[in-house]
Amino acid sequence: MRKALFASLAAALLFACIGGCGGGAGDGGADEPGGARDVFYQVSTLGALSRGVFDGEVDYAALRQHGDFGIGTFQGLDGEMVALDGRFWQVRTDSLPIPASDSQKAPFAMLTFFDEDIHGAPPPGLDYAGLQQFSSGLFPSPNYFYAVRVEGEFAWLKIRSVPGQQPPYPVLADVVAKQTVWELEGVRGTMVGFYCPSYLGGVNQGGFHLHFISDDLRSGGHVLDCRTGEVELIMDLTDGMELALPEDPGFRQASL
């Protein structure tokens, strides 16, 4: 399997093997090296990750060709990834962001080149559910992908990371049961992530998935809950998707 047209959004939805395919869906705008600008690029599927497919096959040097903004993880599920303004960070269970090297590999990642399409000012005091409701209220349609950036001061944040795993890998739920959780108060930083439409099924979970990185680069992780302070919401409507499927045995043998 190399390339096959799976569905049609406003741009093409493409499935491509990591080991042999390149390119991306056209968006009518300027292309970036390795892919079109207005495309949501995903490595593997959330269904595979949930079943313990934690071996990374695409390295971060390649990932940088597909976006300057995004989230994901690392070989063996070793922490949370945050990509912001072209800088890629790894957050392990000490909550400290460290730069990701080009040679590290990702079993799962979501990326795009971020452009501002939608702007909003969420009121202070919103919890995570309220922030999601406010954000989705600005969508022209829930049937597209949205890169979501929330920056400013957060009165309170609850975030997590997970420990790296060794084969034979457990399922994701067993790893998350051992997650490390932090609570932060009065912290400035940026939430980075995506809204995915619900029709994706096992490809990705419908709804919002956000990570956080503080301005002082002293804390970060997967967002579990929050209470907003003075924050700014910026979103990028993305109407194309490219899905890169791993060729490793773990993915080929997984029951998806």
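For the single chain, residues carry numbers from 1 onward in sequence order.
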Honestly curious: do [X] and [Y] fall in one hydrophobic cluster under the side-chain, below-4.5 Å linking rule?
X: L138; Y: L126; value: yes
X: V187; Y: L224; value: no
X: L172; Y: V91; value: no
X: L131; Y: F139; value: yes
X: I98; Y: V82; value: no

Examine distances only and state if a side-chain atom of H211 and a backbone atom of M81 form a donor-acceptor pair shorter than 3.5 Å. yes
Could you tell me whether the side chain of D68 and the main chain of F114 form a donor-acceptor pair under 3.5 Å? yes
Check ring-ring contact (aromatic ring centres under 6.0 Å, His included) between F74 and all other residues, then give those that pass, not counting sequence neighbours. Y60
State which residues pass ring-ring contact (aromatic ring centres under 6.0 Å, His included) with F40; sequence neighbours excluded, sorted by chain then number. F145, F194
Within-4.5 Å side-chain heavy-atom neighbours: [X] and [Y]:
X: C196; Y: H209; result: no
X: L210; Y: I71; result: no
X: T112; Y: Y41; result: no
X: S44; Y: V58; result: no
X: P170; Y: V175; result: yes
X: T45; Y: L245; result: yes
X: P107; Y: D55; result: no
X: P140; Y: Y146; result: yes

Would you compute the distance between atom [atom1] of [X] and atom [atom2] of [Y] and round it to the nearest 0.5 angstrom?
X: S136; Y: F208; atom1: OG; atom2: CZ; result: 5.0 Å
X: D38; Y: F113; atom1: CG; atom2: CZ; result: 11.5 Å
X: L157; Y: S219; atom1: CG; atom2: OG; result: 8.0 Å
X: L237; Y: Y195; atom1: CG; atom2: OH; result: 11.0 Å
X: R87; Y: I213; atom1: CZ; atom2: CD1; result: 8.0 Å
X: M110; Y: T73; atom1: CE; atom2: OG1; result: 11.0 Å

Of all pairs that satisfy salt bridge (charged side-chain N to carboxylate O under 4.0 Å, His left out), the ones with a partner from [range], not counting sequence neighbours:
range: residues 92-113; result: R64-D102, D78-R92
range: residues 136-148; result: none
range: residues 142-162; result: E80-R160, D85-R149, R149-E151
range: residues 109-122; result: R37-D115

Residues pairing under side chain to side chain donor-acceptor pair (under 3.5 Å) where one sits in residues 223-237, two or more places apart or in two chains, turn out to be H119-E232
Which residue pairs satisfy the side chain to side chain donor-acceptor pair (under 3.5 Å) criterion with at least one member in residues 120-135, sequence neighbours excluded? none
With a 6.0 Å cut-off (strictly less than), is the heavy-atom count around CD of E185, excluding the residue itself, greater than 12? no
Would you list the pairs meeting ring pair (Phe, Tyr, Trp, His ring centres under 6.0 Å) in which at least one residue belongs to residues 157-188, sequence neighbours left out? F54-Y169
Residues 223-250 vs ring pair (Phe, Tyr, Trp, His ring centres under 6.0 Å), sequence neighbours excluded, gives none
Using atom types as modelled, flag every donor-acceptor pair under 3.5 Å from a side chain in residues 248-256 to any protein atom, sequence neighbours excluded.
{"residue": "D248", "atom": "OD2", "partner": "G250", "partner atom": "N", "Å": "2.9"}
{"residue": "D248", "atom": "OD2", "partner": "F251", "partner atom": "N", "Å": "3.1"}
{"residue": "R252", "atom": "NH1", "partner": "E247", "partner atom": "O", "Å": "2.1"}

Paired with M191, the side-chain contact (heavy atoms from CB on, under 4.5 Å) test is passed by just one of L233, V223, I159, namely V223
Using a side-chain heavy atom cutoff under 4.5 Å and only I, L, V, M, F, W and Y, what cluster partners does V171 have? none
On a heavy-atom basis, which atom in [X] and which in [Y] lie closest, and how many Å separate them?
X: A109; Y: L63; result: CB-CD1, 4.1 Å
X: Q42; Y: V203; result: NE2-O, 2.9 Å
X: G189; Y: D215; result: CA-OD1, 3.3 Å

Between D59 and Q104, does a side chain to side chain donor-acceptor pair (under 3.5 Å) hold up when you go through it step by step? CA-CA 5 Å; D59 61 38; Q104 288 180 279; over 6 Å; no
Between F212 and T190, does a side-chain contact (heavy atoms from CB on, under 4.5 Å) hold up when you go through it step by step? CA-CA 6 Å; F212 174 80; T190 305; 5.7 Å; no
